[in-house]
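For ligands, and for the atoms within them, numbers begin at 1 and follow the listed sequence.
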Amino acid sequence: MDKYAGIIIDQAHPSIDRVFHYSIPEDMKDILTIGHRVSVPFGRYNRHIDGYVVRIDDTVDIPLSKIKSIKEILDNRPALLPKHISLIQWMVDRYHCMTIEAIKCFVPIGLRINMRKQKERYVHLASRANVDEQIERIERRSKYMADILRFLKRKDGTNIDIIQEATSAPASSFKNLERRGWIKIDSIEKYRKPEGSNNASDRPIPKLTGEQQRVVGTIIEDMKKNVYSPFILHGVTGSGKTEVYIRIVEESIKRGQEAIVLVPEISLTPQTVRRFIRRFGNLVAIMHSRLSDGERYDQWRRIKNGDASIVVGARSAIFAPFQNIGVIIIDESHDDSYKSDISPRYHTIEIAKRRCEMDNSALILGTATPPIDEYYRALQGEYTLLELTRRVDGSTPPNVEIVDMRDELIRGNRSMFSKALYEGVHETLGQNKQAILFLNRRGYANFISCRECGWVAECNRCAVSLTFHASDRTLKCHYCGLQYPYPRVCPKCHSQYIKQFGVGTQRLEKELARFFPNARIARMDMDTTSRKGSHERILTMFGDGEYDILLGTQMISKGLDFPNVTLVGVITADSSLNLPEYTSPERTFQLITQVGGRAGRGVEPGRVIVQTYQPEHYAIEYAAKNDYRAFFDHEINIRRQFHYPPFTAIVKLSMSGEDEKRLVTGAKDLETWLNHKIDKDPVLKRGLVHIGAYPAPIARINKRYRWQIIMRIIDKKDYLNAYHALIDMLLKCYNTHNENISIDFRPTSLL
Ligand code: ADP
Ligand code: ZN
Ligand code: ZN
């Protein structure tokens with residue numbers, strides 16, 4: 001019987017976002033399977049284009065005369081497994097992305113552009129017995145060929161590059177010998193080695209503490225049951241979570257299964273990677289955004305070929321091409337970087353849940369500050385809650401001091417440093433210890449403004465103020481990247497009194513140098529880490545004691561482990577608290593807890609100083625007390641009262657356009673249409689809490705005006721189904737995938 005391949009074309013365009021059927025040529029019938037990447041003729045001119053086989057059918061509903069046939073199978077082995085394809089289908093439904101967009105998550109660019117695989121070639125003698133005779137026969141014709149044979153007689157199976165270097169023989173000599181059948185050349189795939197990959201070492205494996213042992217025991221017991229078993233591992237910083245992960249990964253390998261370990265992009269430092277490589281050596285593949293396309297492709301192939309059964313990586317590593325996963329670990333699982341901000345706008349935790357359900361594996365969300373919504377689900381029984389309450393080294397969590405900056409002003413201190421912080425840094429330097437200072441704003445000043453008329457320098461393309469950068473005396477837009485010269489006079493009233501307001505990391509660096517002229521200061525933010533490897537370099541040097549003070553943006557708040565750091569300062573906690581987002585308190589709590597965790601990891605007790613204008617805010621108060629549970633209880637009540645997640649699901653529909661009038665009309669029409677639909681649907685009518693169209697808080701970016709429609713629905717299964725139906729209708733009617741409309745389920749930001 002004839003079979004037909006259903007193919008997704010490798011071109012991201014809404015008009016071709018569907019399955020196309022092709023016939024399978026006779027010689028491919030036994031080879032072609034679901035998941036293969038193929039080349040097919042497409043369109044009116046039958047241009048060859050790549051595609052992916054997602055199904056194989058016995059019948060098709062187009063005239064057979066019209067069916068074209070597959071031109072070529074592009075890889076030996078299918079790029080996608082059937083179970084990956086069902087996950088892809090799920091992503092398309094859940095995130096309303098194009099199928100090809102979901103496919104691309106699973107397939108590295110290196111494969112798609114047919115990137116050259118690096119090969120290593122090894123040379124072998126065809127027969128040892130004849131080698132002396134062969135040398136004699138060839139010696140007079142070619143000394144090179146004889147030298148190669150002599151070399152192989154000593155060291156058979158050597159890398160061709162090494163023989164070439166030793167004998168200076170040209171490539172033709174090898175070819176000649178190969179043609180005569182005297183040597184054999186084997187190609188073995190070689191992988192580009194990313195930074196930080198090394199060999200395993202036999203450093204002693206620490207004995208687990210009692211708490212760690214209990215946690216590891218519970219997880220392993222559940223793994224043995226071969227059912228989906230989700231855990232939240234709530235462990236204070238320094239409680240030895242990573243060591244727990246290592247033991248679980250070990251168990252998974254022992255059981256012949258694979259493991260995915262995810263860490264936020266920013267804390268995927270050589271430190272973290274090294275810990276896994278030390279324990280598992282070459283079984284570890286590494287994936288993060290700083291890899292080149294070639295390196296990424298090689299890591300993917302190592303997994304695909306079964307050479308690596310553990311991946312340590314950032315968000316995208318959740319799509320590692322494993323077949324039988326034993327455990328997925330998401331460290332610092334509260335981190336924003338787990339949410340994709342481009343299509344498909346997936347949340348890594350959701351993908352991880354799916355993969356674990358499919359493979360009956362364990363899922364571990366580790367963090368010192370569990371996400372409010374997931375912790376709530378844990379209390380509802382969706383996860384097993386595990387706790388590590390003590391630091392491994394027995395040190396006490398640092399004492400967090402809150403400094404009220406309003407008092408400092410009253411006392412006449414107008415500097416960025418409170419008296420306590422100034423003295424703290426002074427003391428730390430005096431004891432030859434290190435300090436980390438945190439300020440979540442890069443640049444020099446937040447904005448510049450005219451003191452006479454109030455004019456504020458803004459980007460012409462985006463509705464945001466420009467940030468002053470002192471290094472090149474320019475104003476930069478942090479949204480579109482455009483640079484402007486620093487104005488000498490106010491463009492509105494020509495006054496010369498232009499002043500800088502607010503502080504950024506550049507300014508902090510300068511002030512620090514002024515207050516502590518002898519301190520060696522390193523700054524880490526997006527401006528100092530744009531070059532490959534600079535991020536690692538700064539951290540390594542700081543770890544080696546080459547700097548006294550490390551200052552930076554949120555880049556430095558995560559996952560670092562420096563025993564010599566005894567002081568951590570938060571210059572202003574208010575910058576995250578004052579964002580108009582319902583998640584602001586949660587983020588502030590996380591931030592203080594995380595940066596606080598950087599202090600006192602050695603023998604010395606740590607000290608954390610948090611400067612704020614709102615010391616009475618509950619997020620700051622509970623963070624200072626290190627009391628997650630009290631914070632959770634407070635926060636969950638607010639979420640319930642104001643209908644925020646986890647009690648509702650928020651969906652953000654963003655629209656943008658250069659023509660403001662058309663955009664506003666479009667958004668309002670859509671809102672009306674939606675409300676009308678909802679009114680007619682009894683389920684939605686009861687369930688929907690709120691729907692509204694507003695200009696986005698950042699009303700213009702890159703010349704495009706922005707509006708959004710925020711929809712909130714009671715978070716219950718049946719409502720979500722109805723709701724999806726609504727979105728479906730909406731997208732169909734509004735010419736979906738129109739690049740001007742994007743939909744985000746579970747948005748992390750409403751800005
Ligand atoms: P977390 O990830 O919870 O912040 P880590 O796993 O980084 O904590 O552990 C903190 C430090 O304690 C690390 O230096 C780690 O090597 C060490 N450590 C972890 N578990 C043990 C143990 N059982 N015995 C001794 N040292 C340990
Ligand atoms: Zn002015
Ligand atoms: Zn701009």
Side-chain angles (χ1 to χ4, degrees), residues 201 203-217 219 231-250 261-264 266-279 312 329-335 364-370 386-398 447-458 465 486-501 539 543 557-565 568 590 593-604 606 626 628:
S201 90
R203 275 250 297 244
I205 294 166
K207 195 170 167 307
L208 294 184
T209 64
E211 268 193 334
Q212 283 173 320
Q213 229 157 32
R214 268 194 298 284
V215 165
V216 169
I219 298 172
F231 299 92
I232 286 182
L233 176 56
H234 178 201
V236 300
T237 47
S239 59
K241 290 189 289 295
T242 311
E243 193 57 40
V244 169
Y245 303 153
I246 288 173
R247 299 303 165 98
I248 301 302
V249 169
E250 207 164 53
V261 181
L262 303 179
V263 292
I266 222 101
S267 50
L268 191 55
T269 56
Q271 263 184 332
T272 322
V273 170
R274 228 176 285 135
R275 286 175 74 174
F276 281 88
I277 289 187
R278 236 185 256 136
R279 209 61 75 78
V312 178
I329 293 162
I330 305 184
D331 188 31
E332 314 275 12
S333 52
H334 57 275
D335 196 86
I364 303 174
L365 308 184
T367 169
T369 51
L386 301 170
E387 295 197 325
L388 291 172
T389 58
R390 282 185 294 275
R391 288 186 163 192
V392 172
D393 55 12
S395 65
T396 43
F447 62 98
I448 66 161
S449 164
C450 169
R451 295 188 110 176
E452 307 234 333
C453 75
W455 167 82
V456 172
E458 283 191 353
S465 52
Y486 193 81
R488 274 186 302 152
V489 295
C490 168
K492 215 165 129 196
C493 75
H494 304 289
S495 150
Q496 296 189 349
Y497 294 103
I498 294 176
K499 195 178 179 313
Q500 299 153 8
F501 289 90
L539 292 180
S557 70
K558 290 161 196 157
L560 310 177
D561 189 358
F562 296 115
N564 210 32
V565 171
V568 172
Q590 285 166 356
T593 310
Q594 297 294 330
V595 293
R598 303 304 123 228
R601 290 200 142 205
V603 268
E604 316 283 331
N626 236 318
Y628 175 82

Between [X] and ligand 1, is there a nitrogen or oxygen pair with a distance under 3.5 Å?
X	answer
T237	no
G238	yes
G240	yes

**OP:** Return yes when at least one N/O/S atom of C490 is nearer than 2.8 Å to the Zn ion (ligand 2), and no when none is.
**Re:**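 So C490 does bind the Zn ion (ligand 2) by this criterion.
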Original post:
Heavy atoms, side chains only, cut-off 4.5 Å: are K492 and C450 in contact?
Top reply: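 Side chain of K492 against side chain of C450, heavy atoms only: no contact under 4.5 Å found.
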Side-chain donor/acceptor of [X] to backbone N/O of [Y], under 3.5 Å:
X	Y	answer
K241	V236	yes
S333	G366	yes
S449	W455	yes

**OP:** Mark the output for R391 as yes if a heavy-atom distance to ligand 1 is under 4.0 Å, and as no if none is.
**Re:**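 Contact absent.
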Original post:
Out of L233, L262, D335, which residue meets the side chain to side chain contact (heavy atoms under 4.5 Å, CB included) rule with I330?
Top reply: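 Output: one option passes, namely L262.
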Which atoms from ligand 1 have a heavy atom of [X] less than 4.0 Å away?
X	result
E243	6 (O), 19 (C), 20 (N)
T209	23 (N)
K207	22 (C), 23 (N), 24 (N)

**OP:** Give the intermediate values and the outcome of side chain to side chain contact (heavy atoms under 4.5 Å, CB included) for residues V215 and F231.
**Re:** CA-CA 10 Å; V215 165; F231 299 92; over 6 Å; no
**OP:** Using a 4.0 Å heavy-atom cut-off, say whether V392 meets ligand 1 through its side chain, its backbone, both or neither.
**Re:**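 Side chain only; the backbone of V392 stays clear of ligand 1.
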Original post:
Of the choices D393, T242, I246, which has the non-hydrogen atom that lies closest to atom 2 (O) of ligand 1?
Top reply: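 Comparing heavy atoms across D393, T242, I246, the nearest one to atom 2 (O) of ligand 1 lies in T242.
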Subject >> Identity of the nearest option to atom 1 (P) of ligand 1, non-hydrogen atoms only, from E211, Q212, K241 >> reply: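 Looking at heavy atoms only, the winner is K241.
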Subject >> Pairwise distance CD1(I232) to OG1(T367) - rounded to 0.5 angstrom >> reply: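 Taking CD1 in I232 and OG1 in T367, the distance rounds to 9.0 Å.
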**OP:** For R247, look at atom CZ and say whether over 12 heavy atoms of other residues, nucleotides or ligands are found less than 6.0 Å away.
**Re:**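 Above 12, so yes.
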